[in-house]
There are 2 protein chains.
Amino acid sequence: MNDQHRNGQNEAAAGGRPTLKTIAFMTGLGVTTVSRALKDAPDIGEETKKRVQLVARQVGYRPNRAGVRLRTGKTNVISLVLNTDEQLMGFISDIIYGVSEELASSSYHLILTPYSSRNDPMDPIRYVVETHSADGIIISQTEPNDPRVRYLTEHGFPFATHGRTHTGIEHPWHDFDNHAFAMQAVRALVAKGRRRLALLAPSPKLTYYRHMSDGFAEGVEEQGCAAIPFRDAWVDMPVEQIKAAATALLRRSTPPDGLVSGSGAGAFALVAAIEECGLQLGRDIDIVTKQSTPLVQMFRPQILVVNEDFRLAGRELARAVRASIDGTAPASLQTLAVPGGVEIQTA
Amino acid sequence: MNDQHRNGQNEAAAGGRPTLKTIAFMTGLGVTTVSRALKDAPDIGEETKKRVQLVARQVGYRPNRAGVRLRTGKTNVISLVLNTDEQLMGFISDIIYGVSEELASSSYHLILTPYSSRNDPMDPIRYVVETHSADGIIISQTEPNDPRVRYLTEHGFPFATHGRTHTGIEHPWHDFDNHAFAMQAVRALVAKGRRRLALLAPSPKLTYYRHMSDGFAEGVEEQGCAAIPFRDAWVDMPVEQIKAAATALLRRSTPPDGLVSGSGAGAFALVAAIEECGLQLGRDIDIVTKQSTPLVQMFRPQILVVNEDFRLAGRELARAVRASIDGTAPASLQTLAVPGGVEIQTA
DNA sequence: AATGGAAACTGTAACGTTACAGTTTTTGAG
DNA sequence: CTCAAAAACTGTAACGTTACAGTTTCCATT
């Protein structure tokens, strides 16, 4: 048995990846001491710490994640839960990049947990919690009364949502101020002389539908202009359908002369519809749209844009879950991105 | 000691997540037997297997990943290595979704390993291999003489690349036939009466630059038309820069009358440049572009498109790494997506 | 009745880590 | 010089799994 022990030490020192045992053998210390020295524990001598840390760096020691995870239960993983049905949700990659950026300097890995609308959105959440396959979860497509938020809160599982809820639960979130966006949009259109405005809103089941609709209504009220209902299209529909609905809207007896688009992709559909109806952007009608990449704007300089930074959203969400895992109170992990105002291209 | 053992069993049976010990306690069998019964080992009785599997299902047993990983070294993770500097690389999300789709029915989790061009692209690869944080790697942005492919092959680490290499190494890959795409594009433009063609190609450092350029050259040769060099812009530049370069190209004394775009985003820049120059798409000039979402086409129906399915790419890549992990020979894990031909919108 | 062997099952140890409960050494107060 | 206590360090066990080397049971053969 003693023999096996020594054998083990030799093996560790010789081949493969260094472990605590390797460093213990090299420094002549016990495995426990090495472990504690590397975490800067108070009951280890200063010189010993220095020595251990030096050797660890020299041999390129990296803690074995499986070992840590098995012993402590900490996975060092954050799960981003995504609906993979979405078409052309190009901004998702920006959120992912933002999250990655923020996690790069930490010990966390980013894992993607996909789900399809064909299944219960709760499935991936339950899976992560039940198998404890991550230390925290990031949720997108947040709904006003999101059951995932309830479930995670009840289970005391750290998470952050992209978008707020109306659950009355204090939880970590990051959101873009869509209320302010819509108001800014209405004001900009009115400043351009537009009086009959329509909004291409998000899907009514998502929280930010309310925010944007309310902001729009409030803007219209404030500016004393008319709101033309545009209820048969949402930003997350296929663009062809949006275009068709917008074309129908523009051919009504009292068409809008100002449009607000809740997404960059939606703006393409609106522009296409406008031009198909023989109207000219900037002369007959104006659009204010959110954009995350400068595609639309480069294409039709007349379009008015408000930038939404999804990388920032990703970073903020990652920061929030991380802090939540570390025990920070939810109330202080809520951030709202304020739109920078309507941009007019001066080309 | 015996006491502690029994205590352990009780705890397992009572609270928390079920383990092999829980099932062993419930069935009255040994932990080893349960483990082997669940993997359908030949030396376990049929009735016992049934019984164990029934109980396992009843209690919702899921093997603890950390335990398996620590014992066997198998991580059940596949790493997708991504360059996070890319702007508007919207198709990345489709690749991710494709990979997710394919992995959903397996035991694999998808982990994202990001890197920035500011660092060595080898860093994330070395990290994954050295810490064995995944069982396989998926690489994008493949280069002709990609050092990552060499490194992974030398280390016998399973991987698959999006795009081929010219390393002479037989490795798993999935690629879109950009040679065929470019030839189809040239033929379609010539069929429209265009004779002076220019290509907006990928970055010269990527493998598919050669494929597309060669296909374009071959098409031009075959059709006996002229190739106008367009060497100061690549598809992965910011769209504004592409637009500027394209505008300059169109204002030369001998401008092209047919354009081929290697990416959907590039097509927007080309259309913008064309219209800024007062030209009309379909009358003065034509474009053939790759597209992955129907944005451009809906917008300018005159544009000619060839569809590239990135979800398919993701699925194929996931299948390839998976098979590679299972020991399948690389030569049989190479798939080429053939472009479906140039589509003309008949609206 | 003895024996060989197949079938079915099990205990032990180990993967790498850390919590816990020590043990040894040093220091300082009396 | 004694002794208490602080400082520095260590061994053991356990997290959940599986490879390996048994052990027991039972049946067919001689």
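Here the structure is a predicted model, which is why all the values come from computation and not from measurement.
- A search for salt bridge (charged side-chain N to carboxylate O under 4.0 Å, His left out) contacts involving B:E101 returns B:R311, B:R315, not counting sequence neighbours.
- With the nearest nucleotide of DNA chain D identified for both B:T32 and B:A66, B:A66 has the one nearer the 5' end.
- The side chain of A:V68 has C:dT18 as its nearest neighbour among D:dC9, D:dT18, C:dT18.
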Are B:T153 and B:H171 close enough, and set up right, to give a side-chain hydrogen bond (donor to acceptor under 3.5 Å, both in side chains), and what steps lead you there? CA-CA 8 Å; B:T153 304; B:H171 63 86; over 6 Å; no
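- Between A:F91 and A:F310, the two ring planes are parallel [angle under 30°; tilted spans 30° to 60°].
- Atoms CG (B:L38) and P (D:dT17) sit 9 Å apart, rounded to a whole Å.
- DNA chain C is contacted by both B:L70 and B:V34; B:V34 maps to the nucleotide lying nearer its 5′ end (nearest heavy atom per residue).
- Remark: A:T48 in residues 47-63 of chain A come within less than 4.0 Å of DNA chain D through at least one heavy atom.
- For the OP1/OP2 pair of D:dG16 and a distance below 4.0 Å, the side-chain nitrogens and oxygens of B:K21 include no atom meeting the criterion.
- Using a 4.0 Å heavy-atom criterion, one finds that B:N64 contacts the sugar-phosphate atoms exclusively.
- When all heavy atoms of A:P330 and A:Q334 are compared, the pair lying nearest together is O-CG, 3.6 Å.
- In this structure, CG of A:D40 is placed 13 Å from P of D:dC9, rounded to the nearest angstrom.
- What separates CZ of A:R69 from C1' of D:dC15 is a distance of 12 Å, to the nearest Å.
- Contact annotation: A:S35 side-chain N/O to C:dT17 OP1/OP2 distance is not under 4.0 Å.
- The only member of A:F157, A:F159, A:Y151 that meets ring-ring contact (aromatic ring centres under 6.0 Å, His included) when paired with A:H155 is A:Y151.
- Residue A:G67 is classed as a base contact, given a heavy-atom separation below 4.0 Å to a base.
- Between C:dT18 and A:T72, no contact under 4.0 Å exists linking OP1 or OP2 to a side-chain N or O.
- Within the structure, ring pair (Phe, Tyr, Trp, His ring centres under 6.0 Å) pairs that include any residue of residues 100-130 of chain B comprise A:H109-B:Y127, A:Y127-B:H109 (at least two apart or interchain).
- Distance from the side chain of A:L20 is smallest to C:dT18 among C:dG16, C:dT18, D:dG16.
- With rounding to whole Å, B:I44 atom CD1 is found 10 Å from C:dA7 atom C1'.
- In the set C:dC9, C:dT18, C:dG16, C:dC9 carries the atom at the smallest distance from any side-chain atom of B:D43.
- Closest-nucleotide positions on DNA chain C for B:V31 and A:R36 were compared, and the one nearer the 5' end corresponds to B:V31.
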Show your working on side-chain contact (heavy atoms from CB on, under 4.5 Å) between A:L38 and A:Q53 and close with a plain yes or no. CA-CA 6 Å; A:L38 288 174; A:Q53 278 154 12; 4.0 Å; yes
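- Counting atom types as modelled, A:R71 pairs a side-chain N or O with a base atom of C:dT18 as donor and acceptor under 3.5 Å.
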